[in-house]
There are 2 protein chains.
Amino acid sequence: MTARGRRNITIKDVARYAGVSTATVSRVLNGSSPVKDELVERVQHAVTTLGYHPNAAARTLKTRKANAIGILVPDISNPYFMQIIKGIEDVMALDFSLLMASSDEDSNKEKKLLNVLSEDRIDCLVLATAGGNDEVIRTIDEKGIPVVLIDRLPESLANVMDSVVEDNFWSAYELAQSMINLGIKSLGIIHGPMSASTAYQRASGCMAAIRQHAPRLAVREYFGDFTLESGERAVEHFLQEDAPEAIIALNNLMAVGAISKLIKHGFVIGKDIVAGSYGAIENYLLFGSSLRYVEQEPRTLGKLTGRVVQRRLEDRHAEVVSHVVKQQLGITVK
Amino acid sequence: MTARGRRNITIKDVARYAGVSTATVSRVLNGSSPVKDELVERVQHAVTTLGYHPNAAARTLKTRKANAIGILVPDISNPYFMQIIKGIEDVMALDFSLLMASSDEDSNKEKKLLNVLSEDRIDCLVLATAGGNDEVIRTIDEKGIPVVLIDRLPESLANVMDSVVEDNFWSAYELAQSMINLGIKSLGIIHGPMSASTAYQRASGCMAAIRQHAPRLAVREYFGDFTLESGERAVEHFLQEDAPEAIIALNNLMAVGAISKLIKHGFVIGKDIVAGSYGAIENYLLFGSSLRYVEQEPRTLGKLTGRVVQRRLEDRHAEVVSHVVKQQLGITVK
DNA sequence: CTGACAGGAGTAATCGATTACAATACAAGA
DNA sequence: TCTTGTATTGTAATCGATTACTCCTGTCAG
């Protein structure tokens, strides 16, 4: 009934149909060396009438170029990483495929995926690591698939391979400073998991700002794990005593959890309590109350990452680059 | 300095190191036929000490299995599609890679990407088409890469290949009905682009509900394009006359645009005007006002899609299935 | 004791493209 | 006319794995 499973058209078929050798077909297709106009036309005609598509596996096997880059992030459904991926896509050529996988913040799953991805099917790997696989990553990079680290930068890999990360320290510093400038007397900080380099650096940034600009601020801390629920728990924790005048959540998910919990407790954000978030909150504009936040620009980061990848593909021996991108501070107001 | 570019370890190296033939190595690796325990051990030892990874291209070339599925959607940064992808990932084996691309709702770009993807690098293609490529899609499916259509189902392809779509008609019907039941006298409807099957079916569902349950309802329509901006324009359009008592946006982005515009004009959602949306709005809970919406469950749809893919991979000649999934109605209240 | 058969391992063909090298034709210069 | 060079095209090796076949060895029924 259907023609499924029919043998595919190969370069041989095209060659036979056009009455030339496979070498000539290949040359026409890749423009790798000159071919007489007449033959070019015959080949092109054969290609279209037969509906020929080159076999990517065969080409990859011979040329050692996969025309694909791998992207491994902790969570593909996180809009932050999606925007980064979108940014990478923006700058990559159309015939470059993106091989994606998500580790779900699980080092073991990440390790397995790294193994699959290192089977020579990608030309470059963009990686936001869940941690704990430094050795494997280093091996992949050394073995021949260049790695570009994004978002998270394990200490042992810094300056060993290319990286594109946010300036977590200074962005958090400025966020904290902008809240201190409002003259608050007390502050609740909701941290991420200290195993993540991002969380640690944001924490350091906050603390530095406090030490420098408000050493006598009453600070209370809660150690969450970057999830919405831990934001909620943080607020419950803070409300066991007098509520702080301001609250900072060091990622957007925790901010959402914290703010929704505060609202449930009857707080009016921006009036009863000042809120700050590392990362914007989607559709917060609808809500219309005030929020100070670090304006991450994942799409821009993605584009930058894409350029780093291209540079690395062009020259495997180019100097290692480490981009640390400063973010802007934003504020939504009623 | 670095060892980048070093020749990779191949199956030959493993064979030599273990003192066996490549055939034996392959048999050990794939368990395709029995091998004596002693040799198994020698081979496994060689594999680990040499750090051997099979070459995916070579394997794919020979076996015609890519161990990868392609996913082509109009917009990867749309959380709806991301959740679908996440769902697919949930059910696929770990060694299956996802090759992703996004067409940006552009038929031409989609066509190019379809060509790249059909170069034998995937075993199956999951596609939410931007439209206009029915013939190409049919060819790919017939040529040997089975296609599973999701979200959008072009008429000419229905029942030709597997599909997983929402029951747009009935979900929209019920959304409209639930608003009619509130006793409204006038309604503004914001449509998507009629070229998209989803938009058309949602429109039909709304209209059917009105015809059946409130034939005398004063209905006004605006034809948008599923973007946030067109939602804003729709509201501007409606407000040129008396505001309707209720408003339905037939996708979530237009709903966000419409609602934010209404708020800017001083409307209190749920009090001055009733709002309905096909698809939930992220973080709307924070906002806390009432909204009726069709609760899409993209992750569930993704899992279902994954199962359809697996079934198709197992048996290329299995009967074509068309899943039409009914969505739930949701409501957020103050 | 012999032929049949099965388990286990090796040899070499194969997948479909690219490309080094060889071969050919033709034109220009000696 | 002969040499040399240039422009095209073809031939066949190659990439790294899988697998059809072949071969050897030992077991067992007859």
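Letters go in sequence order (proteins before strands), and every chain restarts at 1. Worth saying up front: this structure is predicted, and the values here are computed from it rather than measured.
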To the nearest 0.5 Å, how far apart are CZ in R64(A) and CG in D120(A)?
6.5 Å

From CZ of R16(B) across to C1' of dT11(C) the rounded distance in Å is 16 Å

Run the salt bridge (charged side-chain N to carboxylate O under 4.0 Å, His left out) test against R59(B) and tell me which residues pass, sequence neighbours left out.
none

For K109(B), give me all partners under salt bridge (charged side-chain N to carboxylate O under 4.0 Å, His left out), at least two apart in sequence or on another chain.
D104(B)

Please tabulate, one pair per line, all N/O donor-acceptor pairs under 3.5 Å involving side-chain atoms of residues 30-41 of chain B, not counting sequence neighbours.
from	atom 1	to	atom 2	distance (Å)
N30(B)	ND2	S26(B)	O	3.0
N30(B)	ND2	S26(B)	OG	3.3
E38(B)	OE2	R42(B)	NH1	2.7

Is K112(A) paired with D95(B) through a side-chain N to carboxylate O contact shorter than 4.0 Å?
no

To 10°, what angle do the rotation axes through the five end pairs on each side of the helix from dC1(C)-dG30(D) to dA30(C)-dT1(D) form?
60°

List, with names and distances, any nitrogen or oxygen atoms from the protein found under 3.5 Å away from nitrogen or oxygen atoms belonging to nucleotides 16-24 of chain C.
from	atom 1	to	atom 2	distance (Å)
dG16(C)	OP1	R64(B)	NH2	2.3
dG16(C)	N2	A58(A)	O	3.4
dA17(C)	OP1	Y52(A)	OH	2.7
dA17(C)	OP1	N55(A)	N	3.0
dA17(C)	OP2	I11(A)	N	2.2
dA17(C)	O5'	Y52(A)	OH	3.3
dT18(C)	OP1	N30(A)	ND2	3.1
dT18(C)	OP1	R59(A)	NE	3.0
dT18(C)	OP1	R59(A)	NH2	3.3
dT18(C)	OP2	S26(A)	OG	2.7
dT18(C)	OP2	N30(A)	ND2	3.3

Answer yes or no: is there an ion pair linking R138(B) with E135(B), defined by an N-O contact shorter than 4.0 Å?
yes

Quick one: does any side-chain atom of Q310(A) pair with a main-chain N or O of V91(A) as donor and acceptor, under 3.5 Å?
yes

Contact list (N/O, under 3.5 angstrom) for nucleotides 4-8 of chain C vs protein:
none

How long is the gap from CG on N67(B) to CD on E119(A), to the nearest 0.5 Å?
8.5 Å

Rounded to the nearest 0.5 Å, what separates atom CD1 in I85(A) from atom CD1 in I150(A)?
7.5 Å

